[in-house]
Structures are given as C-alpha cells and as structure tokens.
Amino acid sequence: MHRSLLLTLLLLGPAFAQDATEEAAPSAPVQYDIADDDIEGELRRATPVQTWALDDATTALLVEDHRVPIVELRLQFPAGSWSPWFQEAHVEEAWTLSNYDEAGELRARADALAADVTLWTRDTGSGLTVSCLKRDLPEAIALVKDILANTSYDADELKRAQQGQDIGWEGQIKDPAFRTKQAVARALYAEDDPRRAEFEEPDKVERDAARLAAARDTLVRLPGRAVGFAGDLTREEVEGIAQGLLPPADQAPVNLIAEFPPLNTDALGGEIVEPMKNLTQIYFAYFRDGLTWGDEDYATWLVADHVLGGHFFSRLYVALRHEGGETYGAYTQKFPGNEPAPYALATFTRADNLETTEQKLRDVLVTFHDGGITEEELSDAVGFFQGRQLFDLESPGQALGNALWELRNGLEPGFDQAMVDKAAALDVETVNAFIQRYYDPASFTMLTVQPEE
Amino acid sequence: MNLTLLAALALAPAALAQDDADPIEVTEDETEALEPAHPLTLETLDAEAGVVLASGDLDSGLHVSILSDPRMPVVATQMWVQVGSAHEAAAEAGFAHLFEHLMFGVTETYGKEAYSRHHTSHGGSENAYTAFDNTVYISEIGPAWHDQVLVFEADRIANLVLDEENLANEQKIVTEELRLRMENNPVARLISPALAALFGDHPYGHTPAGTKEDIAGADLELVKKFYEGYYHPGNMHLVVVGPVDPDATAARAQELFGQTAKERVEPPEVPLLSEWDFPDERIVLTEDLPPIKVAAMMYPGPTRTSEDYWAYRLMTEMLAGGELDRLREELVTERGKAVEAVTVAEELRAGSILAFASISLPFRFEGRAFKLLAQSRDAVGEGEWMSEEVLATAKRRLLREELERSYYAASMADAMGQAYAWQGDEHLALGGAAEAIDAVTLDQVRAAWDTYVTNAEPVELFVKKGKAQEVD
C-alpha cells in the first residue's frame with residue numbers, strides 16, 4: 001500500500017471523470033459463446049478454452065490466439081486469503097515475496113526478460129502470471145521454475161515488508177472508503193470469520209525463511225491447481241511446457257478450506273455512525289447480506305441490482321445525482337461468491353447535507369421495494385448483460401482468466417452466460433416479487449461515516 | 001456491420017478490377033457519383049488481417065482516425081478535445097471539467113438520458129475525463145449500435161442546450177467530485193498544494209478539479225463561450241477503432257461532422273516545462289500522514305515532439321519500466337537507507353517530469369533524506385543498467401506493450417488519440433514509432449541522462465507528518 005501512497009502523492013494530479021461508476025465493485029469476468037442473434041454473431045470471437053488433466057491434481061488450460069506473438073502463463077493454486085491455513089502459515093508473504101531471493105537474482109532475471117511477472121493472492125486463490133513475447137517464453141519458464149523452488153528470502157525485504165505493512169495500515173484507517181467497508185464488515189462478519197482479516201490490523205509478517213519456503217512449497221503442491229496458457233501457442237507446444245512445470249502434488253493441509261460462520265443478520269435494520277477526523281463529506285452504506293452464486297434468485301438479483309444502482313441512470317443515480325446534485329456517485333456494491341457477503345447501496349455527499357441525502361437514499365429503496373421495475377427496465381437490463389458479453393472476448397487472456405476464475409470457485413464453465421440466459425427468460429412479475437422479498441428496507445442497516453465532532 | 005457484408009465491400013473493387021471480360025464504361029453522370037464521400041485517406045496496415053486505417057481532416061477541421069480491425073468484438077469511439085485544465089483562464093479553474101459534465105446534458109434533439117441509455121441497454125459503456133491537456137469523451141459498444149454513437153456525438157457538438165438549471169446541478173456535482181478526490185484522505189489533500197507550490201502560475205499549477213470558488217462563479221455566458229469557441233471541430237479529433245467499415249464510417253463522419261457554423265477559438269499555448277522558472281527553494285508540506293517522511297526530486301523533461309524524446313523515453317524505461325527500479329535497488333535494497341523508493345516518469349503535453357522519491361521513517365532528518373537521495377541518484381547515473389542489453393530489453397518491452405494493446409479497441413483508441421494530440425500523428429501509435437525507437441543508441445540514452453538529470457537542477461519536495469492541509 002505504501003508504494004501506491006507514494007505514487008499517488010507524486011502523480012501530477014488526477015484526471016477527472018464524468019461517471020463515477022468506476023467506484024462501484026467490478027462485475028465478475030465472463031466467458032461466452034454468444035448465441036443471441038441480437039449480438040453481432042458474425043463478429044463473435046470464438047475463444048474456446050481447451051482443458052485437460054495434466055495429472056490427478058492439475059488442470060491444464062489453453063486459449064490459442066495467433067494474432068500477435070504474445071504469450072501468457074497463469075498458475076493458479078486453490079488457497080487464498082480466506083483460507084485459515086493461508087493465514088496461519090503466512091502464505092501472503094511466502095508467496096508474493098518468493099521472487100525476492102537474497103542474491104536478487106530472480107528479479108534481475110525477470111527484469112532482463114521484458115516480461116511482466118506478477119505473484120498475486122485473492123480471497124479464494126493465489127497465482128503467478130507471466131506475460132512475455134513468445135521468443136522469451138523458454139527463459140520465462142525457467143525463471144518460473146526457479147521462483148517456485150526458491151528457498152532464500154531476502155531478510156531485509158521481509159523487514160521492509162513489515163514496515164510497509166505498518167505504514168499501509170496507518171494510511172488505510174485514514175481513508176473513509178476503507179473505514180466504510182470496515183464498518184460494514186464488522187457489522188456482518190463474526191469475529192472469527194476469516195473474511196474479517198482484511199479489515200483488521202494485520203498480523204506481523206513472518207520472517208523465518210524456512211517457514212516461508214515450506215508454506216510456499218505446500219501452496220504449489222496443492223491438489224486442484226491449474227496451469228493456463230493464452231496467446232500464440234499451440235496445444236503441442238503447451239503440452240511440452242506444462243508437464244514438469246510444477247512439482248508433484250501433495251496432500252492439502254487440514255485447515256485449507258474455510259468454514260464461514262453465518263452473517264450477523266439479526267442486527268440488520270438499524271443505524272451505525274462511524275466518526276472520523278478530517279472529513280468534508282459523509283459516506284453512506286445502506287447495507288444487508290447479499291445473495292450467493294448458488295442462490296436460485298441470483299440472476300433475478302442481478303437484474304434488480306442493475307436497475308437500482310448498476311448504471312449512470314439507475315434509480316440511485318437519478319435520485320441522488322441527476323435530480324438535485326447531492327452527490328457525484330450513487331451505486332450498489334456487491335461481492336457475490338459461494339457464501340453470502342455484504343451488499344450495499346452507497347453514496348457520499350458534503351458534510352452539511354446528511355439529512356437530505358439520507359432521506360433520498362431511503363426513499364429510493366422504499367419506492368423500489370414498493371413499486372418494483374418496469375418492462376422497459378427489465379428489457380434494458382437484459383440488453384446490458386447480453387451486450388456486455390462482447391467485452392469479454394477481446395483478448396485470449398480474458399478467456400483464460402474467466403476459466404480460471406470458474407475453476408477456483410467451483411463454478412460450471414459458462415456460469416455467467418448461464419446467468420444472462422436466465423435473466424433473459426425472466427418476466428417482470430418474477431423480478432418484482434423478488435424485489436418485494438429482498439429489498440425490504442427493514443432488512444437494511446444505514447451506516448454513515450461522518451466528520452468527528 | 002457483419003463480416004459477410006464487410007467482406008463483400010472489401011472484395012467488390014477487387015472483383016471489378018479483375019474482371020477484364022466486361023470493362024466498365026463510366027459516363028459523365030456516373031463520374032460525379034464516384035466522387036469520394038469523404039476526404040480521408042485509406043491505408044492497409046495488415047492485408048491478411050484486414051486492418052485498415054482511414055485518416056485525415058474533414059471540411060469542418062475535425063481530424064478523424066478510423067482503425068478498422070475486424071478481429072475486435074467491440075467498437076471504441078473517442079473524441080479528443082484539445083482543451084484541458086491547462087487552458088483555463090484565471091478565475092476559471094475547473095471550467096474544462098465542469099464543461100465536460102455539461103456535455104452530457106440535453107440537446108435540441110435528445111433528452112439527457114438518451115446517450116447513456118443507448119449504451120447501457122446494449123451492454124456498452126460511456127464516460128469522459130478531463131486532464132491537464134485534453135478532455136476526452138469515450139464510448140465502447142458492440143458494432144451493431146455504433147452508428148448511433150456517432151449521431152449522438154455530432155449532435156452534442158452542434159446542438160447542446162445550456163441552461164441555468166443544468167449548470168447549477170452540475171456545479172454541485174463537480175464540487176462533490178472535488179471533495180471526494182481532493183479533500184478526504186491525506187494523500188488527496190496534498191495534491192493541490194503540491195501542484196501549486198511546484199508549478200506556481202504555470203497552467204499545470206492547479207488540478208482539473210479546479211477550485212470551489214471558481215466553479216461557483218461559472219455563469220452561463222462564459223460556459224456558452226467555451227462551447228462555441230473551444231468545442232469546435234477544428235480543436236477535436238475523432239477516433240474510431242473496431243470492426244467497422246472504414247470507408248462507410250469515414251463517409252458517415254463526413255456526413256455528421258463535416259460542417260460547422262461555429263467559429264474556432266484556438267486554446268492558448270501552455271508554456272514548455274523546459275522553459276519554466278521552477279522554485280529554487282525546497283517545498284515543504286505537512287499532512288496527517290502515517291509516520292513517514294517523503295523526499296522527492298523532480299526534473300522537467302522533454303516534450304514528445306523533442307528530438308531527444310525517444311532517447312529520454314527509453315532512458316526512463318530502462319530506469320524503472322521493468323521489474324527493477326534502479327533507484328529502489330540502489331537506495332533501499334543495496335544501501336538500506338529508506339523504507340521505499342520509486343522513480344516516477346510522467347508525461348504532459350508541455351513536457352515530462354521525472355521524479356526520484358524516497359519514503360523514510362520519522363527519525364530521518366530532512367537534510368539527510370535529500371543527501372541520501374542525491375547520492376543514490378548519482379550512483380544510479382553510474383550504474384550498470386546503462387548497457388546495450390538493458391537498452392535492448394527496454395525496446396522489447398515497448399514492443400510487447402504495443403502488441404498487448406492491439407487486442408483492445410479502447411487501448412488502441414487511447415494511444416492513437418494521445419499520439420495525435422501530443423505529436424500530431426496517430427500513426428505513431430500504430431507501429432509508426434518502431435523505427436525511431438529502434439534507432440536510439442546507448443550514447444543517446446546517456447546524453448538524455450546527462451541533459452535531464454546530471455546537468456539539471458531538480459525541484460525538491462519534502463512531506464512530513466503534521467497538521468492536515470486545510471481545505472476551503
């Protein structure tokens with residue numbers, strides 16, 4: 001975090017955008033084989049994902065695209081920040097600092113390759129991504145193998161990681177956007193919920209190189225891992241590379257999979273005020289528990305959510321921005337997954353505008369709940385989802401990323417397309433019946449992060 | 001437009017040319033009918049892939065670039081206006097951005113929601129942003145719905161309705177945006193004072209957000225003058241990238257944008273950074289930061305049209321474009337004298353800024369922080385990264401980035417828009433810079449370092465934990 005703090009400080013002023021929808025949580029990536037005649041079928045890009053088993057524990061994937069001599073390799077392992085094992089074993093630093101060997105050789109090699117090498121972690125998975133010119137792939141593969149086998153960790157870098165973490169935490173708690181999410185997380189997640197961790201002061205960085213190497217080694221041997229390629233490669237080429245890229249798989253640790261306590265929904269319906277210093281705005285999150293991917297109403301929720309807060313002339317935007325200029329941004333934020341997570345209507349306004357804005361926010365929800373949506377709104381929402389499919393076909397890396405996302409979350413291939421198809425089959429009565437059930441204002445809690453008196 | 005029709009259009013002239021059995025007689029009447037429907041030039045960039053560029057100026061002065069690539073699934077459209085916050089008059093800080101918001105209002109033809117709804121009901125996206133040098137309106141949508149985007153764009157350039165009610169509403173909105181981006185966290189609060197201290201009276205001395213006072217002072221007359229004068233096709237560049245028919249799209253552009261009744265007002269020149277009088281004294285700011293101290297040295301650099309631009313660009317790429325940031329390696333990894341360090345290279349139309357910065361813990365005195373930074377900067381200047389191998393890698397990295405960009409219509413549109421806006425030639429974003437990049441030698445890179453770092457005086461900025469910056 002501290003590096004971006006510094007970079008932001010030194011940027012010569014941000015550009016200013018018309019539309020604040022970028023503030024909203026991004027939608028999940030999708031992989032489609034477009035069948036709808038309304039989409040330009042002639043121009044659909046068939047980006048089939050070839051999938052096969054490398055061994056009992058490893059899936060291989062390939063998206064071929066020979067337009068330009070670029071290749072992408074993605075390794076994915078089924079353990080992320082929500083895993084109790086991941087947290088206890090300090091896999092975050094064990095993995096992301098794997099390329100910080102004492103001699104500095106690994107990063108020097110990456111630098112010499114004209115490649116982008118990224119070690120990443122998410123909530124349900126971790127991985128490594130390399131993007132390079134095709135001619136640099138053999139060296140990139142050799143480097144990846146050495147990163148996975150590295151047992152030396154730069155002690156000074158680990159010390160700096162601790163310092164950076166401390167600084168980063170101090171910075172986060174001064175950021176109202178973080179404090180808003182933290183307050184919602186604390187309200188909904190039980191104290192022992194692994195998802196609370198990212199909103200609380202982090203544990204100390206593990207600095208024992210042997211422990212870190214062991215944790216990293218366990219990660220890369222987890223069954224359920226994947227090796228993916230995209231770009232200017234053939235199946236034959238990939239089969240030659242993929243075999244032997246990873247060490248043999250091993251048993252998963254017993255505490256790999258998280259158990260999530262139920263959300264604290266009993267407390268919903270009230271109000272929370274979070275005071276903060278040095279604010280000139282008030283930040284609102286009007287929240288409750290969201291749906292999961294497996295919920296039979298999930299597609300219906302996508303439609304309702306889109307109408308309520310998913311675009312520039314959504315109900316929230318019209319009421320709070322276009323009619324009265326209370327805010328620059330008003331939108332919904334959802335974090336769908338296999339477990340219920342927070343769902344919020346969010347906005348912000350100047351400090352002396354609390355009552356008007358809060359009332360408008362409440363009124364929008366009441367109107368939405370009581371009146372539902374129109375046929376036109378349903379049609380527009382479905383049109384949005386269908387048309388949006390084209391945007392996931394631009395690059396082979398997107399198709400690969402989508403497939404890997406489905407894999408690590410246990411979703412059927414084509415999950416998002418299936419949801420679009422389900423949405424397209426809805427009628428307005430079904431959607432409005434769902435809105436009546438789910439968008440009851442009594443189920444929502446109003447959180448405001450306000451200037452401290 | 002589907003591929004079959006596109007293929008038919010592309011093949012038709014070839015079919016006519018190959019057909020020797022039936023020579024075509026063209027009468028005088030038909031000669032007129034064969035007059036081109038647009039003044040743009042078509043160039044085939046990749047015959048096998050069917051990639052064609054149509055570019056040139058319309059009668060109205062609008063420059064148009066259409067990159068037809070049938071492999072892309074979506075069409076990106078960008079309208080680059082050669083006006084940004086750097087062109088605002090005194091007491092009009094934030095006008096360019098306020099005006100950008102107003103461009104999404106009612107026109108004589110369409111209601112306020114029409115443009116947005118067209119996009120969202122077909123899965124598209126639309127937005128705009130205001131930067132120092134340009135304001136850019138962006139759209140992405142499936143090809144079936146692209147033509148209407150051009151219709152909307154032409155309409156709001158010619159027929160925007162400006163009224164007090166909408167102006168008042170947008171003044172409130174942009175003020176909320178200003179608060180969001182500039183006031184409510186420690187780093188945001190530093191941006192305005194840092195810019196003001198660094199640039200002084202230079203047009204880059206205030207952010208595109210402007211000031212609340214100036215935004216509140218905007219009136220309808222001034223706004224209309226802005227629209228009539230600056231939002232003239234002669235100050236604009238239309239970029240279209242995606243699976244479109246280049247000829248038909250060019251003709252459509254001529255039809256929609258080819259005429260104007262407006263009188264162009266040229267935006268004022270922005271002083272070059274290389275000629276600007278930057279402060280001699282170190283700038284010191286405080287803010288309610290985490291317990292750190294930040295020391296930065298900033299060096300003005302060349303414009304994109306400077307002779308040594310590519311040498312400079314490759315120098316910055318070699319310095320920090322890859323996995324290793326040479327300053328960080330020197331100051332942090334090897335010497336352990338800071339918690340973090342970074343090299344930042346930013347480009348503006350009137351010049352570049354190269355900054356070396358360190359983050360230290362609170363015990364580090366100001367003078368010592370700068371001394372260490374200067375030592376590491378000098379050590380970097382003597383470093384092994386100035387080698388043929390590293391130069392070759394930097395060139396390969398720029399090539400890779402260009403190739404990766406070619407997947408995405410929006411990225412290509414952005415690169416083309418910027419290349420034309422700052423260098424006068426969109427071809428530079430389409431492989432046109434390859435020769436210039438390839439020709440850069442190590443000696444030229446060394447010369448760029450000497451010119452812009454060794455023999456230059458930096459502006460120094462120091463930030464430490466203290467009282468939060470006051471906001472109005």
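All values below come from the heavy atoms of this structure, side chains included, with hydrogens, waters and symmetry mates left out. Chain naming here is simple, since letters A, B, ... match the order of the sequence lines and numbering starts at 1 in each.
Residues Q171(B) and H101(B) have side chains that never bring a donor and an acceptor to within less than 3.5 angstrom of each other. Side chains of E126(B) and H118(B): no donor on one and acceptor on the other come within 3.5 Å. Using modelled atom types and a 3.5 Å distance limit, the side chains of N184(B) and T280(A) yield a donor-acceptor pair. Of the N and O atoms on the side chains of E100(B) and T135(B), not one donor lies less than 3.5 Å from an acceptor on the other residue. Side chain to side chain, Q162(A) and D166(A) meet the donor-acceptor criterion of an N or O pair below 3.5 Å.
For L398(B), no part lies under 4.5 angstrom from a heavy atom of chain A. Neither the backbone nor the side chain of N353(A) comes within contact range of chain B, judged by heavy atoms closer than 4.5 Å. In this structure, chain A has no heavy atom under 4.5 Å from any part of S192(B). For a residue to count as touching a neighbouring chain, one of its non-hydrogen atoms must lie under 4.5 Å from one of that chain's; by this rule T327(A) touches chain B with the backbone only. In this structure, the portion of A115(A) lying under 4.5 Å from any heavy atom of chain B is its backbone and not its side chain. Proximity to chain A is limited to the backbone of A338(B), based on heavy atoms less than 4.5 angstrom apart. For K112(B), the parts sitting under 4.5 Å from any heavy atom of chain A are the backbone and the side chain alike. Neither the backbone nor the side chain of V136(B) comes within less than 4.5 Å of any heavy atom of chain A. Residue R135(A) touches chain B through its side chain alone, counting heavy-atom pairs closer than 4.5 Å. Looking at L113(A), the atoms closer than 4.5 Å to chain B (heavy atoms on both sides) all sit in the backbone: N, CA, C or O. Looking at K465(B), the atoms closer than 4.5 Å to chain A (heavy atoms on both sides) all sit in the side chain, from C-beta outward. If you measure heavy-atom distances from N99(A) to chain B, the contacts under 4.5 Å come from the side chain alone. In this structure, chain A has heavy atoms under 4.5 Å from both the backbone and the side chain of D288(B). In this structure, chain B has heavy atoms under 4.5 Å from both the backbone and the side chain of Q281(A). At a 4.5 Å heavy-atom cutoff, the contact between V74(B) and chain A is made by side-chain atoms alone. Contacts between E389(B) and chain A at a heavy-atom distance below 4.5 Å are absent for every atom of the residue. Only the side chain of A468(B) has a heavy atom closer than 4.5 Å to any heavy atom of chain A.
Taking the six-membered ring where tryptophan is involved, the planes of W145(B) and H122(B) are essentially parallel, since the angle between them stays under 30° and well short of 60°. The aromatic rings of F104(B) and Y137(B) sit tilted relative to each other, their planes meeting at an angle between 30° and 60°. Taking the six-membered ring for Trp and thresholds of 30 and 60 degrees, Y331(A) and Y317(A) have ring planes inclined between 30 and 60 degrees apart. The aromatic rings of F348(A) and Y328(A) sit tilted relative to each other, their planes meeting at an angle between 30° and 60°.
Counting all heavy atoms, side chain and backbone alike, A424(A) lies closest to Q386(A) at CB-NE2, 3.8 Å. Taking all atoms of both residues into account, the shortest heavy-atom contact from P396(A) to R67(A) is CD-NH2, 4.2 Å.
Top candidate by heavy-atom pairs under 4.5 Å with chain A, chosen from V471(B), T333(B), V174(B), D46(B), is T333(B). Contacts with chain B were tallied for C132(A), S131(A), G104(A); S131(A) has the most, counting heavy-atom pairs under 4.5 Å. Interface summary for chain B: among E72(A), E170(A), K174(A), the most heavy-atom pairs under 4.5 angstrom belong to K174(A). With chain A as the partner, the residue from E401(B), K172(B), R396(B) showing the most heavy-atom pairs under 4.5 Å is R396(B). By number of non-hydrogen pairs under 4.5 angstrom with chain B, the leading residue of D175(A), V117(A), D116(A) is D116(A). Looking only at heavy-atom pairs under 4.5 Å with chain A, the residue among S121(B), G322(B), S85(B), G84(B) that has the most is S121(B). Of the listed residues (E113(B), K395(B), E183(B)), the one with the most heavy-atom contacts under 4.5 Å to chain A is E113(B). Highest contact tally toward chain A, considering only E404(B), E329(B), R117(B), M103(B), is held by R117(B) [criterion: heavy-atom pairs under 4.5 Å]. Per-residue heavy-atom pair counts under 4.5 Å with chain A were compared for A49(B), G336(B), G124(B), and the maximum is reached by G124(B).
A cation-pi arrangement is absent between R179(A) and Y283(A), since the terminal nitrogen or guanidinium carbon is not both under 6.0 Å from the aromatic centre and inside a 45° cone about the axis.
Residues H119(B) and S125(B) have side chains not in contact (no heavy-atom distance under 4.5 Å, counting atoms from C-beta outward).
No option in K467(B), Q469(B), R189(B) other than R189(B) meets the side-chain hydrogen bond (donor to acceptor under 3.5 Å, both in side chains) test with E287(B).
Using a 4.0 Å cut-off between charged nitrogen and carboxylate oxygen, R400(B) and D136(A) do not count as a salt-bridge pair.
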